[in-house]
Student: 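If you scroll down you'll find the structure; I have some questions about it.
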Amino acid sequence: MTFSQQLITWYRNNKRDLPCRRTKDPYFIWLSEIIMQQTRIEQGTPYYERFVDAYPTVKHLASADEQEVLKLWQGLGYYSRARNLHGTAQEIMTGYGGIFPDTHADILRLKGVGDYTAAAIASICFDQPHAVMDGNVMRFLSRLYGIAESIDRPETKKTIRAIAEKNIDHRNPGDFNQAMMEFGATVCTPANPGCLNCLFQRQCIAFKNNTVGRIPARNSKTAVRHRFLHYLVITVTERGTEFICLNKRTGSDIWKNMYDFPCLERTLDKTLLRLPAQEFDELLNSATPEFGEVSNPFIHILTHQKLHARFYRIHYDKKIDLPCLLVPVKDIHNYPVPKLIDRYLSKIFF
Ligand code: SF4
């Protein structure tokens, strides 16, 4: 049996039963691939199911409100993917008559679709032999072939891609690609790979050379940026209804079009000291506020950032002119918020 036959046989006998594996509809495969990027399958699957329920066709997704899409995405991070998902659904409606493109080249032209996603859709849905390259595939192949150079180097990626392209099964490219990813995710794992029972143990060069723990090699990590955020959580009671003050983020950062609170950012504040109330005057355009509860620091880790945040509560008994959007507290669930804000809200209101 060839390598690809062995791998596909293993896959058919051992694959996890996932909802996205019960279809070859390119719309659903596209949804699942975008959702699962940078996300563990266990975490991404409930999101996939929610999206399929809410938007059973590309037309439903295209005509949804962006805020609703972001809300459904909340907690997955990398929010540009949700915005691209929505924009691309609209592009498929207007540019392709609502029919998902069926060639690798056309799929690759869609916004937010890179090499990996295009290869996955083209192979799984249309049997086109384009090899996928993700972290799981690179780890598995670099160990199997004993490639010790850093996988961050373009030359190394090129070498690994050539190996994958050479081995892809032209009759079952979709199963081959999924098998590669599944093997990397469940057997040839980053820590404690299942070498002792691995069906490729005898041909695995890293295993033979006792270098499994050192492969794949990576360049030194990008420095983590620490950010110190002081959020004002302003509530207002007006005619018996409690409102909360939200800030819609309009810049082009990762949280674009989501909601948080008015915020002051400080750079050199390693201990995240409480700020004195006067510091917030510039945000409020008003008299110095009187704080209610001030939270302990919340730590939130992003890919290259570590956020340190405090939340300062202020309450007013009547509406005043505030530089933010006042929404009833009971409606706050309707607004997409970054996970850091959601963590705080779930502590104080729910
Ligand atoms: S022997 Fe170990 S390192 Fe080699 S392919 Fe199998 S699980 Fe991966």
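The first residue of the sequence shown is numbered 1, and numbering continues consecutively from there. All values below were derived from every heavy atom in this structure, side-chain atoms included, with hydrogens, water molecules and symmetry-related copies excluded. In each ligand, atom 1 is the first atom listed, and ligand 1 is the first ligand listed.
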Student: Which residue owns the protein heavy atom closest to atom 2 (Fe) of ligand 1, what's the atom, and how far is it?
Tutor: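 The answer is Cys195 SG, 2.4 Å.
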Student: Nearest to atom 6 (Fe) of ligand 1, what protein heavy atom do you find, and at what distance?
Tutor: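 Atom 6 (Fe) of ligand 1 sits closest to the protein heavy atom Cys198 SG, 2.4 Å.
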Student: Looking at Arg143, which atoms of ligand 1 are within less than 4.0 Å of one of its heavy atoms?
Tutor: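 Per the distance check, 3 (S).
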Student: May I ask you to check if any N/O/S atom from Cys204 comes under 2.8 Å of atom 4 (Fe) of ligand 1?
Tutor: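 Under 2.8 Å: Cys204 contacts atom 4 (Fe) of ligand 1 through an N, O or S atom.
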Student: In this structure, which one of Phe51, Phe100, Tyr48 forms a ring-ring contact (aromatic ring centres under 6.0 Å, His included) with Trp30?
Tutor: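 Of the listed options, the one satisfying the test is Phe100.
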Student: Please identify which of these residues, Glu265, His308, His300, meets the side-chain hydrogen bond (donor to acceptor under 3.5 Å, both in side chains) condition with Arg227.
Tutor: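 That would be Glu265; it is the only one of Glu265, His308, His300 passing the side-chain hydrogen bond (donor to acceptor under 3.5 Å, both in side chains) with Arg227.
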Student: Looking at the rings of Phe291 and Tyr312, which for Trp means the six-membered one, are their centres under 6.0 Å apart?
Tutor: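 Aromatic pair counts; centres sit under 6.0 Å.
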Student: Going by the atom numbers of ligand 1, which of them fall below 4.0 Å from some non-hydrogen atom of Phe140?
Tutor: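 With Phe140 as reference, the close atoms of ligand 1 come out as 5 (S).
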Student: Taking the six-membered ring for Trp, is the centroid-to-centroid distance between Phe200 and Phe3 below 6.0 Å?
Tutor: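 Judged by ring-centre distance (under 6.0 Å), Phe200 and Phe3 do meet the cut-off.
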Student: For atom 8 (Fe) of ligand 1, find the nearest protein heavy atom and state the residue, atom name and distance (0.1 Å precision).
Tutor: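 Minimum-distance protein heavy atom for atom 8 (Fe) of ligand 1 reads Cys188 SG, 2.4 Å.
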Student: Can you label the angle between the Phe228 ring and the His226 ring as parallel, tilted or perpendicular, going by 30° and 60°?
Tutor: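 Correct class here is parallel.
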